[in-house]
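Take a look at the structure below.
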Number of protein chains: 2
Amino acid sequence: MELDERKRKILNAIILNYQKTGEPVGSRTISKDAELKLSPATIRNEMADLEEMGLIVQPHTSAGRIPTDKGYRLYVNSLMQKEQLAVRELEAERSELMLKRVDRIEELLIQMAKILAANTNYATMITGPKYSQNKVKFIQLSSMGRGKLLATIVLTGNIIKNSILALNTCVSDDDILQMNIMLNSNLNGLSIAEINLGLITKIKSEAGEHADIASKVIDAIAEAIDSGDGSVPMYTSGTPNIFKYPELTGGDQASELISTLEEKEQLSTIMEYDGGCSDRHDIQVYIGDEVPVESMKNCSVITATYELSEGVRGKIGIIGPKRMDYRKVVDTLKNTMSQLDVIFKNDEQTDMAED
Amino acid sequence: MELDERKRKILNAIILNYQKTGEPVGSRTISKDAELKLSPATIRNEMADLEEMGLIVQPHTSAGRIPTDKGYRLYVNSLMQKEQLAVRELEAERSELMLKRVDRIEELLIQMAKILAANTNYATMITGPKYSQNKVKFIQLSSMGRGKLLATIVLTGNIIKNSILALNTCVSDDDILQMNIMLNSNLNGLSIAEINLGLITKIKSEAGEHADIASKVIDAIAEAIDSGDGSVPMYTSGTPNIFKYPELTGGDQASELISTLEEKEQLSTIMEYDGGCSDRHDIQVYIGDEVPVESMKNCSVITATYELSEGVRGKIGIIGPKRMDYRKVVDTLKNTMSQLDVIFKNDEQTDMAED
DNA sequence: ATTAGCACTCAATCAGTGCGAGTGCTAATA
DNA sequence: TATTAGCACTCGCACTGATTGAGTGCTAAT
């Protein structure tokens with residue numbers, strides 16, 4: 001069966017209409033849609049064909065048609081591009097991000113998720129950046145008195161971690177100074193991969209009687225870098241938005257959806273999946289069954305990757321009903337990503353601090 | 001009308017039964033409830049009286065009775081205590097808290113909220129501690145090179161804040177050392193209230209040509225202490241639990257509840273209210289209309305205050321349907337609070353660090 | 001190739017009905 | 001006098017069947 005221009009137009013009309021109403025759309029509705037001047041009967045014939053091709057279905061006999069996953073896929077892959085017109089309304093998207101003074105990067109990301117949720121009326125999720133690539137930039141030990149040592153570790157990207165080390169021995173201020181110099185000269189500029197056993201042994205021997213301190217500091221470094229590795233933090237926002245889409249709230253669906261959104265574990269399976277395509281702002285679209293989470297099988301998810309600096313990446317995802325406005329979401333995401341780029345290019349070297 | 005012993009027992013039975021089933025409870029049910037051996041007819045007469053007193057109502061003619069807010073209030077205030085028996089099952093509450101290695105206090109609190117939610121089957125919320133009372137313990141400036149200064153501020157309770165300061169002038173290592181000494185000797189042990197304009201002027205003059213740095217450091221201190229002041233962080237957990245109670249999910253209720261739970265702003269009006277009673281573990285019970293949040297008018301909320309150290313307090317709240325198991329929740333909260341006490345008495349001086 | 005017309009399907013709506021849980025009242029009982 | 005049995009009554013709920021209307025597929029006319 002040939003998918004000619006007219007069929008495409010009809011499919012497109014069905015998708016757009018269903019997007020707005022959430023109701024199955026009938027031949028009459030499409031017919032009145034001007035653009036293509038055909039009678040309902042003709043439309044019906046075409047729709048029968050589209051159904052045969054598996055692009056649309058009727059929920060029951062004598063109902064209008066709704067798009068199938070396959071239909072949406074086609075729309076996203078080819079139809080969508082054809083109407084990039086007048087999308088520049090998005091350019092006017094409130095760039096509140098720029099205005100608000102957010103000095104912590106995670107908070108900025110959370111803010112962003114909130115704004116996206118508000119603008120799109122879908123739920124959003126976001127993972128904190130993966131820092132595993134980061135390097136040690138600076139280490140500072142200071143005595144807090146009473147056998148306590150404060151270790152401050154700064155990583156590239158100005159990530160700062162603190163640990164308080166409890167000591168059993170007493171250390172003089174001078175020793176601390178020595179340790180500082182020694183640690184910095186040995187560790188500066190190294191990533192976690194480069195801090196190997198050999199180096200650790202070397203440091204310990206250089207630390208002499210304070211080998212235990214050195215060892216604790218190295219543990220702290222490992223933890224600092226690791227905390228952004230094993231379990232990337234995950235935030236969600238706008239989850240109540242799903243109540244706006246009746247098709248997501250039938251039965252126990254709402255409950256399960258909200259649960260998975262709150263628990264977050266499952267969400268990471270979506271975010272972790274790296275769809276090969278390493279484009280600049282790699283945008284992935286998962287439609288219905290394509291979503292690798294049981295309770296989200298009749299949602300669609302669109303994810304985008306952001307990059308703070310070389311190799312420091314995270315993902316942002318938008319969760320909505322299958323009839324979500326794919327075009328708007330994709331454009332909004334692209335837009336947001338470039339805004340982020342701007343922010344990070346400006347802010348790269350200023351005062352962003354983190355715990 | 002006199003509220004005699006028998007009426008109390010019947011009211012109690014109604015409340016307990018309604019707690020389990022969520023269905024209006026009829027005279028027959030109570031009658032079969034042993035304990036008091038009365039026929040349904042007698043119970044009916046008594047129930048008519050209880051209804052007249054405004055303690056119970058029937059949702060419609062020919063339905064059983066359900067407790068009113070007033071009925072619950074009575075229950076909470078006087079009836080509840082009378083049956084403190086066999087509550088020690090709670091003693092066995094999984095004290096997972098003790099086991100899990102949680103080294104950051106906010107994470108511990110969040111964990112606790114999760115466990116409470118899982119144990120009670122209600123939603124929980126928790127505010128981070130208010131640090132406004134805290135004092136400066138230790139300040140450390142270190143040069144990061146390229147005109148950048150790292151300021152590390154340690155407050156009592158081992159709260160650690162970092163800021164990176166961008167300088168326009170260059171500072172020698174020796175100057176930094178001087179600044180460190182000067183700042184510490186001037187600021188150590190002071191709370192925010194004690195850092196007044198006079199002191200600030202004094203510090204600036206002592207800093208000489210580096211007055212701008214001193215000023216930036218003081219700003220950072222203010223911010224460090226403040227961040228726990230103006231907007232106390234608020235976390236929620238177990239929000240999907242509300243789906244377990246049909247009376248909370250009718251209409252748009254679920255949606256609105258979830259929304260207020262996600263947005264958190266409104267929740268703080270509950271948490272902020274300080275009910276005079278400055279008991280050890282001050283526990284407050286809000287029933288139905290007593291809850292100062294519109295969308296929660298047919299919930300009940302129970303809050304408890306925890307105290308990390310002198311004056312450093314936060315609140316934890318449990319949100320459920322009006323028929324929640326008040327006794328269990330109150331006991332669980334008391335229990336949890338004492339566990340917290342233990343933890344903090346042990347951990348007080350160890351390595352809890354925070355951003 | 002398109003369209004008008006028509007018979008058909010089926011979800012949704014609504015009134016009518018019977019059921020059952022639960023009540024209040026009255027009269028009998030301990 | 002307090003309790004209980006009995007009975008008529010109420011009202012939500014679940015079920016039924018009829019009606020409606022949106023939408024279809026097919027056929028014949030244009």
Side-chain angles (χ1 to χ4, degrees), chain A residues 1-11 13-15 17-18 20-68 71 246-247 250-251, chain B residues 1-11 13-15 17-18 20-68 71 246-247 250-251:
Chain A
M1 175 87 44
E2 184 64 39
L3 185 69
D4 59 7
E5 190 54 28
R6 198 168 69 177
K7 285 192 175 54
R8 274 168 212 253
K9 274 191 176 161
I10 291 175
L11 176 57
I14 292 173
I15 290 179
N17 202 294
Y18 184 62
K20 281 178 208 114
T21 65
E23 303 276 303
V25 14
S27 55
R28 220 179 113 78
T29 318
I30 301 293
S31 167
K32 277 185 296 190
D33 203 19
E35 183 81 27
L36 50 175
K37 293 182 195 290
L38 294 172
S39 78
T42 315
I43 307 282
R44 278 204 286 283
N45 287 328
E46 296 289 46
M47 295 209 296
D49 291 351
L50 286 171
E51 179 152 18
E52 200 180 328
M53 284 185 264
L55 299 173
I56 55 181
V57 277
Q58 11 183 204
H60 56 85
T61 342
S62 93
R65 307 303 216 284
I66 63 175
T68 60
E247 68 264 46
Chain B
M1 174 90 42
E2 184 64 39
L3 185 69
D4 60 7
E5 189 55 28
R6 198 168 69 178
K7 285 193 176 54
R8 273 167 213 256
K9 273 191 178 162
I10 291 175
L11 176 56
I14 291 173
I15 289 179
N17 201 294
Y18 184 62
K20 281 179 209 111
T21 65
E23 302 277 302
V25 15
S27 55
R28 220 180 113 78
T29 317
I30 301 293
S31 167
K32 278 184 297 188
D33 202 18
E35 183 80 27
L36 52 175
K37 291 181 196 292
L38 294 171
S39 79
T42 315
I43 307 282
R44 277 206 287 282
N45 286 328
E46 297 289 47
M47 294 209 298
D49 292 351
L50 286 172
E51 179 153 14
E52 201 180 326
M53 286 185 265
L55 299 173
I56 56 180
V57 276
Q58 12 184 204
H60 55 85
T61 340
S62 93
R65 305 303 215 285
I66 61 175
T68 60
E247 68 265 46

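Because the structure is a prediction, the values reported are computed rather than measured. Every chain is numbered from 1, with letters handed out A, B, ... down the list of sequences.
Residues of residues 44-55 of chain B having a heavy atom closer than 4.0 Å to DNA chain D, listed by number: Arg44(B), Asn45(B). Contacts with DNA chain C (heavy atom under 4.0 Å) in residues 56-64 of chain B: Gln58(B), Ser62(B), Ala63(B), Gly64(B), listed by number.
Between Pro40(B) and Gly26(A), it is Pro40(B) whose nearest contact on DNA chain D lies nearer the 5' terminus.
Among residues two or more places apart in sequence or in another chain, the side chain to side chain contact (heavy atoms under 4.5 Å, CB included) test is passed with Pro24(B) by Pro59(B), Ile66(B). Qualifying side chain to side chain contact (heavy atoms under 4.5 Å, CB included) partners for Glu23(B), counting only residues two or more places apart in sequence or in other chains: Thr21(B).
You'll find the side chain of Leu3(A) reaches within 4.5 Å of the side chain of Leu55(A), heavy atoms only.
Put simply, CD1 on Ile43(A) and OG1 on Thr29(A) are 10.0 Å apart, with the number rounded to the nearest 0.5 Å. The CD1 atom of Ile10(B) sits 11.0 Å away from the CD atom of Glu5(B) when rounded to the nearest 0.5 Å. Atoms CZ and CZ, on Arg44(B) and Arg28(B) in that order, are 10.5 Å from each other to the nearest 0.5 Å. Annotation: the span from Ile14(A) atom CD1 to Ile30(A) atom CD1 amounts to 5.0 Å, rounded to 0.5 Å.
In plain terms, the two heavy atoms of Pro40(B) and Ser31(B) that are nearest each other are CD-OG, 3.4 Å. Scanning both residues, Leu50(A) and Ile56(A), for their nearest heavy atoms gives CB-CD1, 3.6 Å. Nearest heavy-atom pair across Ile15(A) and Gly71(A) is CD1-O, 3.9 Å.
When Watson-Crick and G-U wobble pairs are counted only if both distances are under 3.5 Å, dG24(C) pairs with dC7(D). With a 3.5 Å ceiling on both atom-pair distances, the Watson-Crick or G-U wobble partner of dC10(C) is dG21(D). In this structure, dA1(C) and dT30(D) make a Watson-Crick or G-U wobble pair, each of the two defining distances being under 3.5 angstrom.
Judged as a side chain to side chain donor-acceptor pair (under 3.5 Å), the pairs with a partner in residues 45-57 of chain A (not counting sequence neighbours) are, in order, Arg6(A)-Glu46(A), Lys7(A)-Glu46(A), Lys7(A)-Asp49(A), Glu51(A)-Arg65(A).
At whole-Å resolution of the value, CD1 in Ile10(A) and C1' in dT2(C) are 13 Å apart. For the pair Ile43(B) CD1 and dA21(C) C1', the interatomic distance rounds to 17 Å; values are reported in whole Å.
For DNA chain D, the span of nucleotides reached by chain B at under 4.0 Å from its heavy atoms goes, 5' to 3', from dT3(D) to dG12(D).
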